[in-house]
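Beneath this line is the structure, given in structure tokens, with notes to follow.
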Number of protein chains: 2
Amino acid sequence: MAASERGPRERMVFSAAQLIRRDGVTATGMREVAAHAGAPRGSLQHYFPGGKEQLVNEAVDWAGRYAAGRVGRFLAQLPEPTPSGLFAAMVRQWTDEYRSAGFAGGCPVAAATVDCAEGRDSTRAAAAAAFARWTRPVADALTGMGVPAERAESLATLMISALEGALLIARSERDVRALTTVVRELGPLLDASVVRQASGG
Amino acid sequence: MAASERGPRERMVFSAAQLIRRDGVTATGMREVAAHAGAPRGSLQHYFPGGKEQLVNEAVDWAGRYAAGRVGRFLAQLPEPTPSGLFAAMVRQWTDEYRSAGFAGGCPVAAATVDCAEGRDSTRAAAAAAFARWTRPVADALTGMGVPAERAESLATLMISALEGALLIARSERDVRALTTVVRELGPLLDASVVRQASGG
DNA sequence: CCGGGTCTATGACAGCGGTCATAGTAGCCA
DNA sequence: TGGCTACTATGACCGCTGTCATAGACCCGG
């Protein structure tokens, strides 16, 4: 979650993602983004001539790449790769954040979808692309673990759906219960989908 | 989804829920709610002296009651009650809407959570209450089908999580794929959780 | 010195947001 | 008729939003 000290443009995209995931797209102002990024206000129209829509879209895009990138790192850290282990790692990222930093933020892609699915088509498309970019490495990981290709895609969608929904519930309840629940209940199903190789369950 | 011609107050709450689930909380204006409900603007401060916050909270509350009420009707319509059948019915309500009316609207509770979880605690609490009120009848239905009480609660949370997450994906993609996917993949797991009575597999 | 990029700095604008203040109407009771 | 209550009707206020316009800083090649 920590972007190093890159250029002001990248910092603004990153800040936009952070503010969006906390307050939603509409409630996040351009001036606020610049201030949060420590960037001059004048840079907004310089780097994002497309206005707020461009900034939001890039933030959603960034979030999608970030989530996709995490999948690979989770895989590398797993002692032995199992579907349930991957899912647990994906969810644990959130439970860790919520326990250590509070329930202030959700998923920026979800926020963009809720706020812009109707009325700002480019942002809606950016959210769909982010979900797709996130789903692919998850599905690929599943096939690598021995899940048939057709089911891998479906199970990846199920995993992300359950995670996103549980995030909503957890944030509203200020309790990670929903997150731990979906991991516990979905784990066996995921591991049972492995057909070749010795399944650990 | 159609509220009959009740009083103006109820119409405004209903309209608020509709607009919120389409555009989000922040992007929904008070004047817009009144206009959508065909109610006079002056009635806003009369019926909702607590301002927008009160109106939003009541809309979220209404949505929670509505979702909870649907569960009972779904159960009554099932030829034989199975967990997967109930889940399929819950999801089908959304696929039907999306196929017939387009992908304009999402879940108002999700929208309220995304937009208000941080910064408006009463609305956050209202969302949590709505999720809880929705979860209970689902869990009760599962226990009635023979699911052990401890798992029933967890599976109800899983069902609602998967539904909410799939809603986000479906809306961003403008495709019901994610919804049908979670039904297909989650159904067997749900039915397998029935321990007593003949499971209808 | 000039010219020409990249980036920054402000100020203004027009619009809309929620909310408040105030006045008006309708009906009902005495 | 008067008076009370429920509800409606407007208009104004202030703050904030995204966006535009304009001008300044800074650096580099010539």
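Computed over heavy atoms, backbone and side chain alike; hydrogens, waters and symmetry mates excluded. So you know, we letter chains A, B, ... as the sequences are listed, proteins then strands, and number each from 1.
Going from atom OH of A:Tyr47 over to atom P of C:dA9 covers 11 Å, rounded to whole Å. The distance between atom CG of A:Leu55 and atom C1' of D:dT19, rounded to the nearest whole Å, is 14 Å. As rounded to whole Å, 19 Å separates atom P of C:dG17 from atom CG of A:Asp23. Atom CZ in B:Phe48 sits about 12 Å away from atom P in D:dC7, given to the nearest Å. For A:His46 and D:dA25, the NE2 to C1' distance is 13 Å, given to the nearest whole Å. The CZ atom of B:Arg31 sits 7 Å away from the C1' atom of C:dG18 (whole-angstrom rounding). A:Leu19 has its CG atom 12 Å from the P atom of D:dT17, to the nearest Å. Taking atom CD of residue B:Gln54 and atom C1' of nucleotide C:dT19, one finds them 14 Å apart after rounding to whole Å.
With A:Ile160 as the partner, the side chain to side chain contact (heavy atoms under 4.5 Å, CB included) test is satisfied by one option alone out of A:Thr135, A:Val109, A:Leu155: A:Thr135.
Put simply, CZ on A:Arg171 and OG1 on B:Thr113 are 7.5 Å apart, with the number rounded to the nearest 0.5 Å. With rounding to the nearest 0.5 Å, the separation of CG in A:Leu179 from CG in A:Asp96 is 10.5 Å.
At a threshold of 4.0 angstrom between heavy atoms, the contacts of A:Thr26 with the nucleic acid are absent.
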Using the 3.5 Å cut-off, write out each protein N or O paired with an N or O of nucleotides 26-28 of chain D and the distance between them.
none

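By the 6.0 Å contact criterion, CD on A:Glu153 is open, its count of non-hydrogen atoms from other residues, nucleotides or ligands being 12 or less.
In this structure, of D:dA9, D:dG18, C:dT8, it is C:dT8 that holds the atom nearest to the side chain of A:Ser43.
In this structure, A:Arg9 pairs ionically with A:Glu58, as a charged nitrogen and a carboxylate oxygen lie closer than 4.0 Å.
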- Carefully, step by step, assess A:Arg65 and A:Asp61 under the rule salt bridge (charged side-chain N to carboxylate O under 4.0 Å, His left out). CA-CA 6 Å; A:Arg65 290 182 203 277; A:Asp61 209 64; 2.9 Å; yes
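Residue whose closest nucleotide on DNA chain D sits further toward the 5' end, between A:Gln45 and A:Gly29: A:Gly29.
Annotation: side-chain hydrogen bond (donor to acceptor under 3.5 Å, both in side chains) contacts of A:Glu53 (sequence neighbours excluded): A:Ser122.
With hydrogens and angles ignored, a donor-acceptor pair closer than 3.5 Å exists between the side chain of A:Arg41 and the base of C:dG11.
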